[in-house]
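Note that the coordinates shown come from a computational prediction; the quantities given were computed from them, not determined experimentally. Numbers for residues simply follow the sequence, beginning at 1.
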Amino acid sequence: MKKFLFLAGMVFLLSPAFANEPALLQIRSIQSQIDDCGAKILNANQITKPVIFVYDNEDKKLKLEFDKIISMLENEASSFRGKQLCRRLKPVTDLTKIDLLQEQTAAAFTRIIKKGRISFGDAAPVEESLKRLEIGGALNTAELLRICRLLSNTARAKSYGRHDTQEDLADCLDIYFDGLEPLTPLSNEIERCIISEDEISDDASSALKHIRRSINNLNDRVHTTLSGLVNGSLRTYLQDALITMRGDRYCIPVKAEYRSQVQGLIHDQSASGSTLFIEPMAIVKLNNDLKELYVQEQDEIRKILASLSEEAAQYIEEIRTDYRSLTDLDFIFARGALALTMRASRPILNEEGRIRIREGRHPLLDQKKVVPITVSLGDEFSLLIITGPNTGGKTVSLKTVGLLTLMGQAGLHIPAGDRSEIAVFRQVYADIGDEQSIEQSLSTFSSHMTNIVSFLKKVDDRSLVLFDELGAGTDPTEGAALAIAILSHLHKRNIRTMATTHYSELKIYALSTPGVENACCEFDVESLRPTYRLLIGIPGKSNAFAISGKLGLPGYIIDDAKKRLSEQDVSFEDLLSDLEASRRTIEKEQAEICLLYTSDAADE
């Protein structure tokens with residue numbers, strides 16, 4: 001089959017001479033076996049569960065690093081349950097549910113832009129307290145203060161959620177804000193009565209105020225009486241001229257040898273036995289009265305807490321709804337805040353397996369340095385093969401597509417240009433990185449192949465498959481044949497697939513197969529640096545000779561190496577060089593035309 005390559009207005013015909021017949025025979029043989037295996041597996045194990053599956057390698061490290069996105073999201077939330085919801089967030093496959101999540105994220109993003117961020121940090125868990133109220137129990141000060149802070153935060157959120165002008169359009173978050181009940185009278189009453197977890201206000205009740213006034217008066221009388229004794233008739237009998245407490249009783253430190261000189265009750269003695277702590281008889285009754293007042297104070301505090309608890313019990317469902325709504329909002333606004341941090345946008349979703357990412361950026365790379373990529377898949381072609389030198393950005397491109405897909409299906413905006421489109425997949429399989437396993441005595445190739453076998457048992461037309469350096473780690477001829485056979489098997493089943501490779505055979509396969517497209521990561525040979533730009537429709541060069549020459553390898557060695565290439569290999573690499581030179585020339589001319597047009601428009 002002849003294949004035409006179209007590039008910027010020029011058509012190149014791929015010669016059949018580039019097809020390596022022995023390699024193609026190997027490919028067809030292996031491909032036939034895989035097709036038979038896949039047909040049996042497909043009939044026996046149709047995956048119907050509506051849960052997205054991301055393949056992990058055996059050490060359970062998520063290859064696409066979605067867990068790191070979740071950690072970033074959790075940092076944007078402030079409440080306990082909000083963080084919990086962030087940690088539990090996973091991609092889903094129900095398009096209606098994804099649309100709702102995306103709508104919520106977009107609404108939160110818009111509100112943050114207009115009004116700034118809001119903290120839900122005081123929305124501490126209250127469910128245990130509410131259960132105690134349901135059975136008639138009384139809450140302690142800490143629990144009541146927790147409810148009070150929740151209600152205060154509710155009032156603040158309610159105010160934040162109001163539309164300031166008639167021009168403000170309603171959104172899907174109005175139902176959350178409208179359902180909030182600040183319960184201001186209850187909140188004010190708790191604030192009036194409770195100062196802190198350890199202190200009740202004197203004004204909590206008139207009885208408490210009276211009791212505490214009496215306590216203060218008695219304390220003054222006790223101190224006056226004891227000061228007179230310490231600084232008067234008993235001074236010579238004391239170890240120190242001070243007043244101390246033993247238990248809840250006022251005492252003075254008396255030398256043991258003067259025990260008989262001081263009338264009172266012994267409450268304690270020093271470790272050496274030389275000092276006795278005696279409560280003088282003159283203040284015993286005062287201390288007794290004081291202790292009784294303390295008991296009355298605690299009884300009154302219990303009554304106050306019981307009264308506040310009884311009042312709170314009237315609004316159990318309202319408080320429960322406030323808590324759930326606030327923490328739901330915290331979760332939603334965390335997604336909106338993450339979108340703002342990433343400069344992300346809402347993706348368009350489809351169930352046709354179509355991916356069109358415009359200026360997509362990997363969210364875990366330095367956003368000041370990362371080079372955006374534009375990539376498509378599932379429309380004109382279902383298989384994309386990315387080639388080019390190492391460190392050129394092939395793996396990053398692969399991860400970017402996979403990670404942005406997971407983010408979009410989890411209801412998160414994606415760091416890409418407006419109108420970017422992602423498909424809803426039932427499974428995403430990623431075989432990325434060096435899978436060598438010393439513990440299991442598996443080579444890199446064996447580990448990769450173990451993963452691939454697992455893929456073939458589960459993939460269907462609702463899957464996205466990502467391969468990094470497919471077929472690497474073994475004999476290049478056999479590795480390339482296997483890679484083409486595996487990709488051909490997936491391509492025949494219309495499974496959306498992206499693969500990176502160094503093999504020229506895969507470039508030829510993409511050029512000669514309908515529905516398969518080449519791509520490359522641009523490399524600047526002059527500076528020996530990758531530009532990280534992803535170019536769709538152009539196969540990449542390894543640039544081994546050019547790089548080696550720039551690094552100082554003698555020319556005669558490079559010339560000798562070139563002679564050892566087959567005529568077909570040389571012709572193919574020359575074609576790629578011509579394509580690259582033509583593309584650069586056209587891009588330069590387009591830039592000059594744009595500059596000229598801009599200059600003319602400015603003059604007008």
Side-chain angles (χ1 to χ4, degrees), residues 34-35 37-57 60-67 69-70 88-103 105 335 346-357 360 375-379 381-384 398-414 416 420-432 450-468 470 486-499 515-516:
I34 292 179
D35 286 342
C37 174
K40 295 176 183 177
I41 292 167
L42 188 60
N43 293 331
N45 297 309
Q46 290 289 349
I47 298 175
T48 58
K49 293 182 180 179
V51 178
I52 195 164
F53 175 81
V54 184
Y55 184 83
D56 304 342
N57 66 325
K60 302 300 180 185
K61 293 179 180 177
L62 287 173
K63 286 299 180 184
L64 296 178
E65 300 177 295
F66 182 69
D67 56 323
I69 300 298
I70 293 300
R88 293 175 179 174
L89 180 63
K90 296 185 184 303
V92 293
T93 59
D94 185 338
L95 182 57
T96 302
K97 177 68 179 297
I98 299 172
D99 277 332
L100 174 61
L101 291 171
Q102 287 289 352
E103 183 69 23
T105 304
R335 305 199 311 259
R346 179 179 179 177
I348 299 171
L349 298 156
N350 70 81
E351 292 184 306
E352 289 77 47
R354 187 171 57 255
I355 297 174
R356 293 173 181 165
I357 296 174
V375 60
S376 59
L377 182 70
D379 195 356
F381 51 89
S382 62
L383 171 58
L384 184 64
L398 210 63
K399 284 187 172 183
T400 299
V401 172
L403 185 53
L404 267 54
T405 295
L406 298 183
M407 290 176 64
Q409 288 188 234
L412 301 175
H413 285 4
I414 62 173
S420 289
E421 193 171 358
I422 59 172
V424 177
F425 293 104
R426 189 178 293 129
Q427 308 95 15
V428 175
Y429 298 100
D431 181 56
I432 298 173
T450 299
N451 294 348
I452 293 168
V453 169
S454 298
F455 292 178
L456 296 180
K457 292 178 180 178
K458 300 169 183 175
V459 294
D460 59 21
D461 60 359
R462 292 289 305 278
S463 301
L464 173 64
V465 181
L466 306 172
F467 292 117
D468 188 28
L470 179 61
I486 291 167
L487 292 177
S488 180
H489 166 69
L490 296 173
H491 179 52
K492 283 183 178 179
R493 294 173 57 187
N494 200 33
I495 295 170
R496 306 301 186 264
T497 307
M498 289 179 64
V516 183

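- Side-chain N or O atoms of Arg426 include none that pairs as donor or acceptor with a backbone N or O of Val459 at under 3.5 Å.
- Considering every non-hydrogen atom in both Phe425 and Thr93, the closest pair reads O-CG2, 3.4 Å.
- Using a 4.5 Å heavy-atom cutoff, the side chains of Ile355 and Arg496 are not in contact.
- Between the side chain of Gln102 and the backbone N or O of Pro347, no donor-acceptor pair lies under 3.5 Å.
- Distance check, rounded to the nearest 0.5 Å: CG of Leu406 to CD1 of Ile69 gives 9.5 Å.
- Between Leu466 and Gly402, the shortest heavy-atom distance links the atoms CD1-CA, 3.6 Å.
- A distance-only check finds no donor-acceptor pair linking the side chain of Asp468 to the backbone of Ala499 [under 3.5 Å].
- To the nearest 0.5 Å, atom CG of residue Asp431 and atom CG of residue Asn451 are 4.5 Å apart.
- How far OH of Tyr429 is from CG of Leu456: 10.0 Å, rounded to the nearest 0.5 Å.
- Rounded to the nearest 0.5 angstrom, Leu404 CG and Ile357 CD1 are separated by 5.0 Å.
- Looking at Leu490 and Phe467, their side chains come closer than 4.5 Å, going by heavy atoms from C-beta outward.
- Counting only heavy atoms from C-beta outward, the side chains of Glu421 and Asn350 approach each other to under 4.5 Å.
- The closest side-chain heavy-atom distance from Ile432 to Leu64 is below 4.5 Å.
- Side-chain atoms of Ser382 and His491 include a donor-acceptor pair closer than 3.5 Å.
- Between Arg462 and Val424, the shortest heavy-atom contact is NH2-O, 3.3 Å.
- Side-chain contact of Thr96 with Asp99: a donor-acceptor pair under 3.5 Å is absent, judged by distance alone.
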